[in-house]
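Reviewing the structure listed below.
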Amino acid sequence: MFGGSGFLGRRIVRHLLNHGLVVRSASRHPGRAGRKQAHHELFSAVKADILDRSQIAAAVSDASTVVNAVSLYSEHGGVTFERVHVEAASQLADAARRAGAERYIQISGIGSDSRSRSSYIKARGQGEEAVDVGFPGATIVRPAVMTGRDDAFLTTITRLLRILPAYPLFGNGDTRLQPASVEDVAEAIARIASAGADARLFEFGGPRVYTYRDLVLEVARLLGIRTRLVPVPFVFWHALATFGEFVPGVPLTRNQVELMQIDNVADTRLPGLRDLGIEPHDIDQVLRSA
């Protein structure tokens with residue numbers, strides 16, 4: 001399991017353990033992964049940088065399934081979207097194949113497109129293509145924007161609703177979203193890892209599709225907050241995100257703005273959570289558990 005200490009990754013690890021699987025979490029800082037997971041006789045953490053070909057080869061040795069949940073949200077130095085989402089994913093898929101793994105699961109995202117003008121969205125799409133070459137028959141999982149106790153999406157909306165007299169929308173708030181519970185996504189990946197799957201491409205979304213405007217209003221209603229919505233042009237958000245990437249602590253990146261300009265809705269022609277026997281949770285259930 002690569003990326004096992006992240007928002008989605010540590011939940012995937014927990015669900016894999018609940019399925020009785022032996023889990024090896026590979027990361028640059030294995031001690032952090034160990035602290036974030038309950039002590040378990042089936043769990044181990046090893047040092048491995050996904051950017052280091054020799055380290056990933058050692059990490060996947062004897063693994064029956066390899067899961068890649070590593071993601072990069074802002075570039076810095078030589079660590080670019082292409083380096084992480086394309087080159088590293090390709091190297092990991094190739095290493096998994098060479099090690100004799102039976103399955104490779106790549107966590108991507110709805111909207112990934114190798115032809116996109118966005119460097120982030122393009123890299124995610126190219127990463128899917130590279131993985132399919134490195135490990136023919138790999139399973140690609142594309143979640144919608146994910147919600148959970150410590151997410152960067154619903155938590156931000158909730159915080160801003162509580163402190164701002166008016167809520168700034170991305171554009172007119174017309175972008176369509178289908179938020180998925182991170183716990184549902186993690187369980188789905190655990191089921192694919194433990195039992196396999198006939199499908200090679202999944203898209204996971206929640207039970208309802210909202211416009212961003214309606215989503216904010218629904219969260220405000222559930223919290224009992226009255227708010228005023230203010231449309232803000234995307235050109236402003238791009239400028240703010242560009243500036244924010246150079247200022248520590250600003251929770252906004254250009255790729256997040258770019259993602260908010262396209263619909264984030266699961267393709268109904270592709271298998272989703274219900275096809276794996278999971279009834280998706282809506283945002284009201286997520287808010288109650290937060």
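Rounded to the nearest 0.5 angstrom, R24 CZ and F2 CZ are separated by 9.5 Å. Rounded to the nearest 0.5 angstrom, L177 CG and D263 CG are separated by 7.5 Å. Taken to the nearest 0.5 Å, the CG atom of L21 stands 7.5 Å off from the OG1 atom of T65. The CG atom of L287 lies 5.0 Å from the OG1 atom of T158; values are rounded to the nearest 0.5 Å. Separating the CG atom in L92 from the CD1 atom in I56 is a distance of 5.0 Å, to the nearest 0.5 Å. With rounding to the nearest 0.5 Å, the separation of CZ in F204 from CG in D184 is 10.0 Å.
Residues satisfying the salt bridge (charged side-chain N to carboxylate O under 4.0 Å, His left out) test with D49, not counting sequence neighbours, are none.
Clustering ILVMFWY residues whenever any of their side-chain heavy atoms sit less than 4.5 angstrom apart, transitively, puts F236 in the very cluster that holds V216. I192 and V22 fall within a single hydrophobic cluster, where Ile, Leu, Val, Met, Phe, Trp and Tyr are joined by side-chain heavy atoms under 4.5 Å apart, directly or via other members. I107 is connected to M1 through a chain of hydrophobic side-chain contacts under 4.5 Å among Ile, Leu, Val, Met, Phe, Trp and Tyr, so both are in one cluster. Linking Ile, Leu, Val, Met, Phe, Trp and Tyr whenever their side-chain heavy atoms come within less than 4.5 Å leaves V70 and V86 in two separate clusters. One hydrophobic cluster, built from ILVMFWY side chains closer than 4.5 Å, cannot hold both I110 and V185; they sit in different ones.
Closest approach of L273 to P280, counting heavy atoms only: CD1-CB, 3.7 Å. The two atoms that bring V84 and L72 nearest to each other are CG2-CD2, 4.0 Å, heavy atoms only. The minimum heavy-atom distance linking A93 with F135 is given by the pair O-CD1, 3.6 Å. Scanning all heavy atoms of the two residues, the minimum distance from V219 to L154 falls at CG2-CD1, 3.7 Å. Annotation for P231 and N172: closest pair CB-OD1, 3.6 Å, computed over non-hydrogen atoms. In terms of heavy atoms, A190 sits closest to H19 at CB-CD2, 3.7 Å.
Side chain to side chain, D282 and Y210 meet the donor-acceptor criterion of an N or O pair below 3.5 Å. For the 3.5 Å distance criterion, the side chains of T155 and D151 qualify, holding a donor opposite an acceptor. Between the side chains of R124 and S116, not a single donor N or O lies within less than 3.5 Å of an accepting N or O.
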Worksheet item: After noting the C-alpha distance and the side-chain angles of E203 and V265, does the key distance pass the side-chain contact (heavy atoms from CB on, under 4.5 Å) rule?
Response: CA-CA 9 Å; E203 291 199 350; V265 177; over 6 Å; no
Discussion item. Assess the residue pair H85 and S71 against the criterion (side-chain contact (heavy atoms from CB on, under 4.5 Å)); give the C-alpha distance rounded to whole Å, side-chain angles, the decisive distance to 0.1 Å, and a yes or no.
Written reply: CA-CA 7 Å; H85 293 301; S71 188; 3.4 Å; yes
Fill in: Residue pair I121, I262: steps toward the side-chain contact (heavy atoms from CB on, under 4.5 Å) verdict
CA-CA 11 Å; I121 296 171; I262 60 175; 3.9 Å; yes
Item to complete: Please assess Y167 against I157 for the test side-chain contact (heavy atoms from CB on, under 4.5 Å), listing each intermediate value before the final yes or no.
Response: CA-CA 9 Å; Y167 190 95; I157 294 175; 3.3 Å; yes
Practice prompt. Carefully, step by step, assess S119 and R254 under the rule side chain to side chain donor-acceptor pair (under 3.5 Å).
Written response: CA-CA 10 Å; S119 58; R254 282 174 290 177; over 6 Å; no
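T242 places a side-chain N or O within 3.5 Å of a backbone atom of H238 that can act as its donor or acceptor partner. At distances below 3.5 Å, not a single donor-acceptor pair connects side-chain atoms of T175 with backbone N or O atoms of Y212. Not a single donor-acceptor pair under 3.5 Å links the side chain of S61 to the backbone N or O of A58. Proximity of a side-chain donor or acceptor of R191 to a complementary backbone N or O of L276 within less than 3.5 Å is detected. In this structure, D132 contributes its side chain and E129 its backbone to no donor-acceptor pair below 3.5 Å. For R83 (side chain) and L51 (main-chain N/O), a donor-acceptor pair under 3.5 Å exists by modelled atom type.
Of the candidates R142, K122, R200, R142 is the only one forming a salt bridge (charged side-chain N to carboxylate O under 4.0 Å, His left out) with E128. When V209, T147, N264 are each tested for a side chain to side chain contact (heavy atoms under 4.5 Å, CB included) with P179, only one passes: T147. When H281, R14, R149, Q285 are each tested for a side-chain hydrogen bond (donor to acceptor under 3.5 Å, both in side chains) with E183, only one passes: R14.
Remark: R28 CZ is loosely packed, at most 12 non-hydrogen atoms of other residues, nucleotides or ligands lying under 6.0 Å away.
In this structure the side chain of R162 reaches within 4.5 angstrom of the side chain of L223, judged on heavy atoms.
Between F81 and Y120, the ring-plane angle classifies as perpendicular under the 30° and 60° cut-offs.
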